[in-house]
Protein chains: 2
Amino acid sequence: MNMPDLSQGENAAAVNSLRSAILRLTRRLRHQRVDESLSPTEMSVLGTLFRCGPLGPGELARKEHVQPPSMTRIVAMLETKGLVRLEPHPEDRRQKVVSQTEQAEAMLEESRRKRNAWLAELAGGLSEEEWDTLRAAAPVLEKLAHLPMPEAAQR
Amino acid sequence: MNMPDLSQGENAAAVNSLRSAILRLTRRLRHQRVDESLSPTEMSVLGTLFRCGPLGPGELARKEHVQPPSMTRIVAMLETKGLVRLEPHPEDRRQKVVSQTEQAEAMLEESRRKRNAWLAELAGGLSEEEWDTLRAAAPVLEKLAHLPMPEAAQR
DNA sequence: TATTGTTATACTCTATAACTATA
DNA sequence: TATAGTTATAGAGTATAACAATA
């Protein structure tokens, strides 16, 4: 196992700070999201479908770290809003396939436009160096979000 | 206003990725927190009191990006658990002052110990360079969480 | 009249348990 | 028996609206 010789104390402080920042950012995102009609997780699911293509509800649930019944609800809501299609799996009749609609693509495009406007405003508050740092951190945070967590976390 | 000449497209992609990573991490934190008896926000409030010293419920609510009634509930819960003291303000009888108890300090210490064990396990999944990136990003994310957000976000 | 905090209430998101249908 | 998904239900966390006390 790759186990670098790192300073535990500094990492603990970093994770501490990361954790509270992440919590507060989540609360801000809930209120200041660019699209009022979609919850953050619904947006996240659309993003996943955009990146990965059609997926089953179960696999979506695993990717989003949500339980299957929650994903059932989320997908149903997205279907009601016309952003997602729910079709039977061609080979296994137990499974279903969730895919984006054209409307979802248009919505993602519009949302992207709004996010750019939001960013243009926000950019005034961060220096270019700070933005560099965030750009570098984004993929690491994504990796962290997907990393299999050791059982030790429960001890 | 400090407005660096930055590449909008790259920042939009970074924020997009940050957002979904933050959402997923929040869900994981909810389940894999080191202290089972405290919600993430309760932990965050204790951390803020530790860093800033005694504060009023209103100021705590602003710092945590929560509405005042929510903070009333959180503080009441922490008081029930013996982690916080709620006293009248010496000068203004409308205000109250929330402060840590000795028990809270002991709990934070124990929680820090557990977090170190969790980190020792987690370290196997990230390279030293990735940890460097996270350490650098932590203060920027904290800043982002506290940045006054422009009205443009609602448009 | 403005400010600090609280009470009462409702909503959103997510989870667990039990169930159906298919493999 | 095992797997994919759903239904029914409950819980945690937060918000808004209305209110009380003090400035």
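Remember, predicted model here, so these are calculated numbers, not experimental data.
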Donor on one side chain, acceptor on other, Ser20(A) and Arg24(A), under 3.5 Å = yes
request  = With sequence neighbours left out, write down each residue that passes salt bridge (Lys or Arg N to Asp or Glu O under 4.0 Å) with Arg62(A), or none if nothing qualifies.
outcome  = none
message = Suppose we screen for side-chain hydrogen bond (donor to acceptor under 3.5 Å, both in side chains). Which residues come up paired with Arg94(B), at least two apart in sequence or across chains?
response = Asp92(B)
key: Leading and trailing nucleotides of DNA chain D with any atom under 4.0 Å from heavy atoms of chain B   = dG13(D) to dA23(D)
query = Any salt bridge between Arg135(A) and Glu130(A), counting N to O under 4.0 Å?
reply = no
Partners meeting side-chain hydrogen bond (donor to acceptor under 3.5 Å, both in side chains) with Ser17(B) (sequence neighbours left out) = Glu142(A)
ask   = Do you see a donor-acceptor pair shorter than 3.5 Å between the side chains of Arg27(B) and Thr41(A)?
value = yes
Contacts under 3.5 angstrom, residues 76-84 of chain A side chains, donor-acceptor by atom type, not counting sequence neighbours:
unit_1, atom_1, unit_2, atom_2, d
Thr80(A), OG1, Ala76(A), O, 3.0
Lys81(A), NZ, Ser37(A), O, 2.7
Lys81(A), NZ, Glu42(A), OE1, 3.3

query = How does protein contact run along nucleotides 5-16 of chain C, one letter per nucleotide 5' to 3', with B for base contact, S for sugar-phosphate only, - for none, heavy atoms under 4.0 Å?
reply = SBB-----SBBB
